[in-house]
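Notes for the one structure printed next.
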Amino acid sequence: MSELNKQQRQAVLSGDGYILVLAGAGSGKTKVLTERILYLIQGKNVSPERILAFTFTNKAAGEMRARVEAKLSMRSLSFWIGTFHATGLRILRREAQHIGFKNNFAIYDEDDSFQLVKKIMKEGKWKLNDYPYASARNKISSWKNKLISPDQVHENAVDHIEEQLAEIYRVYVSSLRRCNAFDFDDLIAKTVELFTANPKVKDRYARQFKYVMVDEFQDTNPMQMVMIEMLSSNSGNLFVVGDEDQAIYGWRGATVENILQFDNLYSDAEIIRLEKNYRSTNTILEAANAVIANNVGRKGKVLWSKKGKGSPLQVFYADDEKEEASAVRETIIGLIRNGFKRSEIAVLYRTNAQSRALEQSMNRGGLPYQIIGGVRFYERREIKDLLGYLKLINNPVDDVNFLRIVNLPRRGIGKVTIEELKNVNRGGNLLLSLRDKKVMERFSEPKRKKLEQFSTMMATFELNARSDSVYDILLEVILETGYRKYLDNEPQTAQVRLENIEELLNETRRFVSDSEEPTLANFLEEIALVSAVDTMKNEEVVSLMTLHNSKGLEYRAIMITGLEEGLLPHYSSFGTENELEEERRLFYVGMTRAKELLCIFTASARMKFGNWQSNLPSRFLDEIPESLVNEAGNVEKSGDSDKLFQTVTEKRHFSEEDSASARDRRFREGVSVKHPTYGVGKIKKVEGNSKDMKVTVYFTEHGSKKFLACYAPFTFM
């Protein structure tokens with residue numbers, strides 16, 4: 001307790017009931033949560049199994065558990081701490097039979113789910129005019145997160161397309177049930193369904209948890225909020241920690257209203273503000289405070305620090321993205337010469353596409369780097385192939401992974417044979433049907449032999465999996481299927497893919513040595529819950545990542561690139577004030593990752609969709625007080641005159657001519673345009689002129705969308 005400030009101590013020692021801790025960036029919220037758990041166990045004699053804590057990453061859960069156990073000098077405490085998905089999974093493993101599933105259900109990752117939607121849409125002959133599979137999958141995910149059933153979608157459908165999507169959703173749900181599988185959304189949605197359909201089960205868990213705690217509360221969605229309320233319904237003891245200024249996941253269903261309306265929902269709620277920042281200099285905090293103050297939707301707080309004033313922010317105005325990337329590289333090299341480690345520096349950007357120029361520049365400068373949240377290890381083709389085998393071994397009714405690996409490596413079981421199997425099978429599970437003599441009699445001798453060989457191999461794997469470790473199972477799969485030899489057929493990528501396979505084997509070794517129950521099922525559960533931040537390497541490299549992936553991290557020096565209208569804020573946010581405020585929060589999150597130095601870069605031209613496009617500097621730059629900024633100047637470090645920035649192009653002044661595209665006469669009502677994401681649409685309304693021109697376009701599949709004309713990525717039809 002002696003390490004806590006007054007507000008932190010107030011939060012830790014707060015009594016029962018509903019508590020909202022508004023914890024600003026870098027204000028020590030993890031310490032508060034940890035000390036709160038310790039206080040409940042030591043100070044109030046609460047049994048650990050009666051405490052439930054939600055975190056947003058497995059990494060955060062592991063760190064918090066480790067801190068508590070270290071301070072108590074105990075291991076394997078029985079309190080529940082984990083992500084919403086991990087907690088839902090833990091409950092469903094015990095209770096799935098109450099909603100018609102077996103407890104050994106499979107967990108479909110994003111690709112498994114996408115492949116199932118794709119299979120349904122291909123086989124169903126839906127007349128959707130090439131409606132994107134990914135869009136259909138995202139629709140289904142959105143409906144699940146809002147707890148909307150297929151029947152409700154069908155009942156409220158606004159057109160024929162949505163009626164068909166409702167049917168696809170219905171088939172998708174029934175297919176998951178037939179395969180005894182949950183997708184990632186189900187780990188929460190099915191927990192809510194379980195509690196709704198079985199009040200006695202819900203009451204049992206609600207009685208067990210006397211104290212429910214939630215980290216990153218501003219990022220919860222409606223479905224998670226229902227789960228929170230159900231589990232805290234008996235005790236009424238709900239302790240949530242969050243920061244409305246860091247709510248940046250509205251695009252995936254999170255609602256900042258959960259934190260903004262907390263004291264309205266719970267009228268007797270206590271609100272505690274943590275405003276002392278332990279991370280950043282006051283210059284960085286003053287700049288961040290000034291920017292976020294422009295948002296209306298917030299409770300309000302002002303961060304401050306005892307770390308001193310610090311260096312001014314550096315703003316670099318580049319001619320184009322190539323010069324911007326070169327400036328980032330030279331800035332990093334200058335920082336390293338002045339004592340910074342590469343691992344203390346991060347480069348942030350709004351969209352993944354921006355990383356290309358930055359990566360090329362890093363390579364030219366010989367700067368080692370890692371991409372956080374790029375193509376993740378478990379999403380690589382060879383890894384998904386081998387995991388497909390493991391998933392099917394663990395759950396033989398998993399048709400999605402059966403279809404993935406039945407002819408991989410090639411064993412003569414082609415599309416024609418698979419179609420015959422589906423026709424003969426009539427909706428049953430595919431692998432199990434290979435063990436049905438009546439089904440096998442329908443095939444010719446050559447086809448039957450190949451199918452039976454595959455079935456026998458899988459049956460052997462399943463039998464061995466009952467006693468072997470996950471490492472032994474994986475090694476057997478690699479050897480028996482000849483997967484290494486199969487990769488040799490692509491010599492250009494074979495070496496890298498073989499190295500990835502070895503890394504997967506190493507991961508199973510680690511799991512066997514660290515886990516109390518190193519079973520195949522437990523291994524598949526662990527990797528199903530891995531997030532982008534969980535896979536970060538602790539190496540001496542510069543980190544590159546999107547602003548979204550930077551949340552929760554901190555670095556001595558932060559480079560934020562692409563501060564331009566249309567990029568940050570993103571042009572998709574120009575339609576509504578709420579979306580624009582989320583973009584401002586995203587910039588605020590990036591700013592508050594920096595401990596000592598914050599560098600901001602903007603380019604006056606950038607290649608988009610194959611064409612050069614002129615850009616205005618972001619409005620967010622104008623919200624930073626001039627007194628806190630050096631525009632393309634030099635940074636003084638420790639009183640010396642070393643230049644961390646070279647002299648650069650003067651800030652460009654934009655005239656009406658720079659925004660000529662906004663006055664393009666092609667923007668007229670009735671004109672057809674094509675958007676790279678939304679497809680073909682028709683301009684319904686044109687408002688304003690010059691750089692303020694806005695156009696409203698109606699897209700058949702996505703409805704009406706509003707754009708700032710000078711940034712709209714249209715192709716005119």
Side-chain angles (χ1 to χ4, degrees), residues 283-284 286-288 290-295 312-328 330-331 347-351 353-354 357-358 546-547 558-574 579-591 594 597-608 611-633 635 645-663 688 690-694 707-713:
T283 295
I284 293 170
E286 286 176 34
V291 169
I292 202 64
N294 290 279
N295 271 8
L313 277 62
Q314 307 300 314
V315 179
F316 186 106
Y317 292 87
D319 279 338
D320 54 37
E321 58 195 5
K322 185 175 181 181
E323 185 181 53
E324 177 192 61
S326 296
V328 170
E330 294 306 312
T331 301
V347 183
L348 313 182
Y349 37 82
R350 176 62 178 84
T351 66
Q354 292 170 254
L358 293 165
T546 64
L547 284 154
I558 287 289
M559 322 273 136
I560 305 180
T561 62
L563 258 292
E564 300 127 37
E565 289 291 303
L567 193 52
L568 186 63
H570 197 265
Y571 70 84
S572 63
S573 71
F574 292 165
E579 291 177 356
L580 186 60
E581 289 203 352
E582 181 157 321
E583 290 291 300
R584 186 177 282 109
R585 291 196 293 265
L586 189 58
F587 181 43
Y588 173 84
V589 165
M591 297 174 79
L597 188 64
L598 176 58
C599 308
I600 299 170
F601 300 80
T602 180
S604 58
R606 197 175 293 273
M607 183 73 77
K608 289 185 179 180
N611 297 305
W612 284 102
Q613 181 172 304
S614 295
N615 305 310
L616 293 169
S618 171
R619 70 192 73 187
F620 299 154
L621 290 174
D622 292 333
E623 296 171 357
I624 302 173
E626 291 184 8
S627 61
L628 304 176
V629 174
N630 276 349
E631 293 185 341
V635 180
F645 285 82
Q646 297 179 339
T647 302
V648 296
T649 306
E650 292 183 0
K651 179 178 178 180
R652 291 183 57 166
H653 297 283
F654 289 84
S655 63
E656 287 295 307
E657 286 70 29
D658 290 308
S659 302
S661 60
R663 300 194 306 273
S690 187
K691 63 185 178 65
D692 297 319
M693 180 187 286
K694 294 179 181 179
F707 303 88
L708 198 62
C710 58
Y711 297 111

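As a basis for the values below, the full set of heavy atoms in this structure was taken, side chains included, without hydrogen atoms, waters or symmetry mates.
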The criterion is ring pair (Phe, Tyr, Trp, His ring centres under 6.0 Å); which residues satisfy it with Tyr349, sequence neighbours excluded?
none
Among residues at least two apart in sequence or on other chains, which ones pass ring pair (Phe, Tyr, Trp, His ring centres under 6.0 Å) with Tyr588?
none
Glu579: which residues meet the salt bridge (charged side-chain N to carboxylate O under 4.0 Å, His left out) condition with it, sequence neighbours left out?
none
Can you sort out the partners of Glu581 under salt bridge (charged side-chain N to carboxylate O under 4.0 Å, His left out), two or more places apart, ordered by chain and number?
none
Considering the options Leu348, Thr602, Leu358, which one meets the side-chain contact (heavy atoms from CB on, under 4.5 Å) requirement together with Thr561?
Leu358
Taking every non-hydrogen atom, the tightest pair across [X] and [Y]:
| X | Y | result |
| --- | --- | --- |
| Phe587 | Leu568 | CD1-CD2, 4.1 Å |
| Leu621 | Leu563 | CD1-O, 4.1 Å |
| Pro625 | Ala290 | CD-CB, 3.6 Å |
| Met591 | Leu313 | CE-CD2, 4.3 Å |
| Ile560 | Leu547 | CG2-CD2, 4.3 Å |

Quick one: does [X]'s side chain get under 4.5 Å of [Y]'s, heavy atoms only?
| X | Y | answer |
| --- | --- | --- |
| Leu580 | Arg619 | yes |
| Ser618 | Glu564 | no |
| Tyr317 | Ser604 | no |
| Val629 | Ile600 | no |

Are the side chain of Glu321 and the backbone of Ala603 linked by a donor-acceptor contact shorter than 3.5 Å?
no
To the nearest 0.5 Å, atom CG of Leu628 lies from atom CD1 of Ile284 at 10.5 Å
Please name all residues satisfying side chain to side chain contact (heavy atoms under 4.5 Å, CB included) with Thr351, sequence neighbours left out, ordered by chain then number.
Ala353, Gln354, Leu567, His570
Show your reasoning for whether side chain to side chain contact (heavy atoms under 4.5 Å, CB included) applies to Gln314 and Thr331.
CA-CA 10 Å; Gln314 307 300 314; Thr331 301; over 6 Å; no
Under the side-chain hydrogen bond (donor to acceptor under 3.5 Å, both in side chains) test, residues paired with Arg350 that sit two or more places apart:
Glu583
Anything under 30° is parallel, anything over 60° is perpendicular, the rest tilted; go ahead and classify Phe601 against Phe316.
tilted
